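From a predicted model like this one, the values you see are computed outputs, not experimental measurements. Just follow the structure's listing: the first ligand is 1, and inside any ligand the first atom is 1.
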Amino acid sequence: MIADISTSLGTDYYLIEELLTDEERQIRDKVREFCDREIIPVMNDYWDRAEFPFEMIPKFAELGIAGTSIKGYGCPGMSHIAEGLVGAELARGDGSLNTFFGVHSGLAMGSIAILGSEEQKEKWLPQMARMEKIGAFALTEPDHGSDIVMLESSAVRDGDEYVLNAHKKWIGNASFADVIIVWARSAEDGEVKGFLVEKGSEGLSTRVQTGKMGKRAVWQAEVMLDNVRVPAENKLEHANSFKDTSKVLTATRYGVAWEGIGHAVACYEAALQYAKERKIFTRPLESYQLIQNKLANMLAEITHIQLLCFRLGQLFEEGKMTGGMASLAKMSVARKAKQVCADARDILGGNGVLLEYLVAKHLADMEIVYTYEGTDIVQSLIVGREITGVQAMAPSRKG
Ligand SMILES: Cc1cc2nc3c(=O)[nH]c(=O)nc-3n(C[C@H](O)[C@H](O)[C@H](O)COP(=O)(O)OP(=O)(O)OC[C@H]3O[C@@H](n4cnc5c(N)ncnc54)[C@H](O)[C@@H]3O)c2cc1C
């Protein structure tokens, strides 16, 4: 039996809604409603002024979503699919706020949950879940991004302390975070380790980076650590090599993939609405074949990425998601979502570049999604390594 044609399916064209649990639907609806009411009406202005909306933090906290899929320690313990839906809805609302949330909840809380000791989890996760304490994740350096495995920040053990020296770049939330997860190379064994560095530590300073073309309402900072001393117990207990860091990145790349869905959906919705209202040669734009073709292609890409992320969420839940699988999703979604946003911007013509029509902001934010948490090329090389077993990231020494 074939169902009747429906014009009311929106962006859930293949009825993924029916595959969600009641709890997943409730979480998605709660976040969507929050974005429609609190976020979308105000964020253009913050974005334009490159201001971070600090007053949004208590409102976020009330939602009770920080820590998403982390079980225990006052965290919501939601499914990985619900976690993905949260990211998609927040990105549909505003990309900058989703990045703020992703850094705090995914990268910082995720590092503690995946690699921390019992004491570290007990100390930090409940306060971070209530968003009384905000986290940051300092991995990238001015001279090391894609080749971050070669990072130069150092950690030297001195009695019951570690002495940290580091220069980090692009660190979200760092200028006001209560705790920064700093990744540095240990002098003891030459491996990369993670350290909890608290706000106000002597020798710690930050400088907010300005002049960004996307994600303008969330702040990234350069972070300088000049002989910062942290107690030895601030080393993340299970962070003992870059392989451990990668466990966190795999989990957060899964989240970044869902983020792309949110940007694409927001742009498609705006383009469809515009095509209905805008008249060209006295007829609505939506009645032109070329526009319908574009809308159909956009919806096809959205449907592909939704199904990809939904299935990946199931695999994550079952403990079967590999690093390559997460990278394939991040790569593929970012490519497709960026194109959907660009097509929407085109459909809106000149208005497409105006902030008030939203698509320009989403397109600019998607440029950032395309790059951060590993560029398109880096994701493809992670997949390539998983397919072939050959590491092609760095040139061979002979070449
Ligand atoms: C807005 C924003 C927020 C961020 N937030 C954080 C954060 O909170 N914490 C954090 O630690 N980092 C953060 N980052 C850093 C981000 O993860 C890096 O920018 C990203 O990994 C790319 O590194 P890079 O900028 O040094 O680019 P590069 O590594 O210099 O890449 C330059 C180009 O080289 C290409 N390339 C890389 N390797 C290869 C290869 N093997 N073969 C061919 N081409 C290659 C890349 O694809 C790219 O096109 C953020 C970045 C941005 C822009």
For this session: Please check if a non-hydrogen protein atom sits closer than 4.0 Å to atom 7 (C) of ligand 1.
Result: yes
For this session: Assess whether atom CE of Met393 is packed by more than 12 heavy atoms of other residues, nucleotides or ligands within 6.0 Å.
Result: yes
Exercise. Relative to each other, are the rings of Phe100 and His104 parallel, tilted or perpendicular (30° and 60° limits)?
Worked result: parallel
For this session: Could you check whether the rings of Phe101 and Phe60 sit parallel, tilted or perpendicular, using 30° and 60° as the cut-offs?
Result: parallel
For this session: Go through ligand 1 atom by atom and flag the ones less than 4.0 Å from a non-hydrogen atom of Leu139.
Result: 11 (O)
Seminar exercise, completed: Closest to atom 5 (N) of ligand 1 among protein heavy atoms sits Trp170 O, 2.8 Å
Problem set entry | Thr375 contact mode with ligand 1 (heavy-atom cut-off under 4.0 Å) | side chain
For this session: Carefully, step by step, assess Glu202 and Arg229 under the rule salt bridge (charged side-chain N to carboxylate O under 4.0 Å, His left out).
Result: CA-CA 8 Å; Glu202 204 180 327; Arg229 289 183 168 269; over 6 Å; no
Exercise. Mind checking whether Tyr372 has an N or O less than 3.5 Å away from an N or O of ligand 1?
Worked result: no
For this session: Please step through salt bridge (charged side-chain N to carboxylate O under 4.0 Å, His left out) for the pair Arg25 and Asp22, ending with a clear verdict.
Result: CA-CA 5 Å; Arg25 257 182 241 124; Asp22 287 344; 3.0 Å; yes
Exercise. In terms of atom number and element, which parts of ligand 1 are under 4.0 angstrom from non-hydrogen atoms of Phe137?
Worked result: 7 (C), 8 (O), 9 (N), 10 (C), 11 (O)
For this session: Would you please indicate yes or no on a ring centroid separation below 6.0 angstrom for Phe281 and Tyr288?
Result: no
Exercise. What protein heavy atom sits nearest atom 45 (C) of ligand 1, and how far off is it?
Worked result: Ile377 CG2, 3.7 Å
Exercise. Counting both backbone and side chain atoms, is some N or O of Leu107 under 3.5 Å from an N or O of ligand 1?
Worked result: no
Problem set entry | For atom 32 (C) of ligand 1, the protein heavy atom that lies nearest, with its residue and separation | Ser146 OG, 5.0 Å
For this session: For Arg311 and Gln314, test the side chains for any donor-to-acceptor distance below 3.5 angstrom and give the result as yes or no.
Result: yes
For this session: Would you kindly say whether Tyr73 and Glu118 are connected by a side-chain donor-acceptor distance under 3.5 Å?
Result: yes
Exercise. Which part of Leu381 is near ligand 1, with near meaning a heavy atom under 4.0 Å away: side chain, backbone, both or neither?
Worked result: side chain
Seminar exercise, completed: Counting from 1 in the order shown, the ligand 1 atoms closer than 4.0 Å to a non-hydrogen atom of Gly172 are 7 (C), 8 (O)
Exercise. Can you list the ligand 1 atoms lying under 4.0 Å from a non-hydrogen atom of Glu373?
Worked result: 17 (O)
For this session: List the closest protein heavy-atom neighbour of atom 12 (N) of ligand 1: residue, atom name, distance to the nearest 0.1 Å.
Result: Thr140 OG1, 2.7 Å
Exercise. What are the atoms of ligand 1, with element, lying closer than 4.0 Å to any heavy atom of Thr371?
Worked result: 20 (C)
Exercise. CD of Glu277: more than 12 outside heavy atoms within 6.0 angstrom?
Worked result: yes
For this session: Give the residue, atom name and distance (to 0.1 Å) of the protein heavy atom nearest atom 21 (O) of ligand 1.
Result: Gly374 N, 3.8 Å
Seminar exercise, completed: Nearest non-hydrogen protein atom to atom 24 (P) of ligand 1, with distance, is Gly145 CA, 3.9 Å
Exercise. Can you name the one residue among Arg185, Lys169, Lys168 that meets salt bridge (Lys or Arg N to Asp or Glu O under 4.0 Å) with Glu141?
Worked result: Lys168
Problem set entry | Non-hydrogen protein atom less than 4.0 angstrom from atom 41 (N) of ligand 1 | yes
Exercise. Looking at Lys215 and Glu367, does any basic side-chain N land under 4.0 Å from a carboxylate oxygen?
Worked result: no
Exercise. Protein heavy atom under 4.0 angstrom of atom 49 (O) of ligand 1, is there one?
Worked result: no
For this session: Run the numbers on Lys361 and Asp94 for salt bridge (charged side-chain N to carboxylate O under 4.0 Å, His left out), then give the verdict.
Result: CA-CA 9 Å; Lys361 178 166 76 113; Asp94 181 74; 2.3 Å; yes
Exercise. How does Ile368 reach ligand 1, if at all, at less than 4.0 Å between non-hydrogen atoms: by side chain, backbone, both, or neither?
Worked result: side chain
Exercise. According to the side chain to side chain donor-acceptor pair (under 3.5 Å) rule, which pairs have a member within residues 190-201, sequence neighbours left out?
Worked result: Lys123-Glu198, Asp189-Lys193
Problem set entry | Sub-3.5 Å N/O-N/O distance, Val378 and ligand 1 | no
Problem set entry | atom 30 (O) of ligand 1: any protein heavy atom closer than 4.0 Å | no
Exercise. Counting only heavy atoms, which portion of Gln220 has something under 4.0 Å from ligand 1: side chain, backbone, both, or neither?
Worked result: side chain
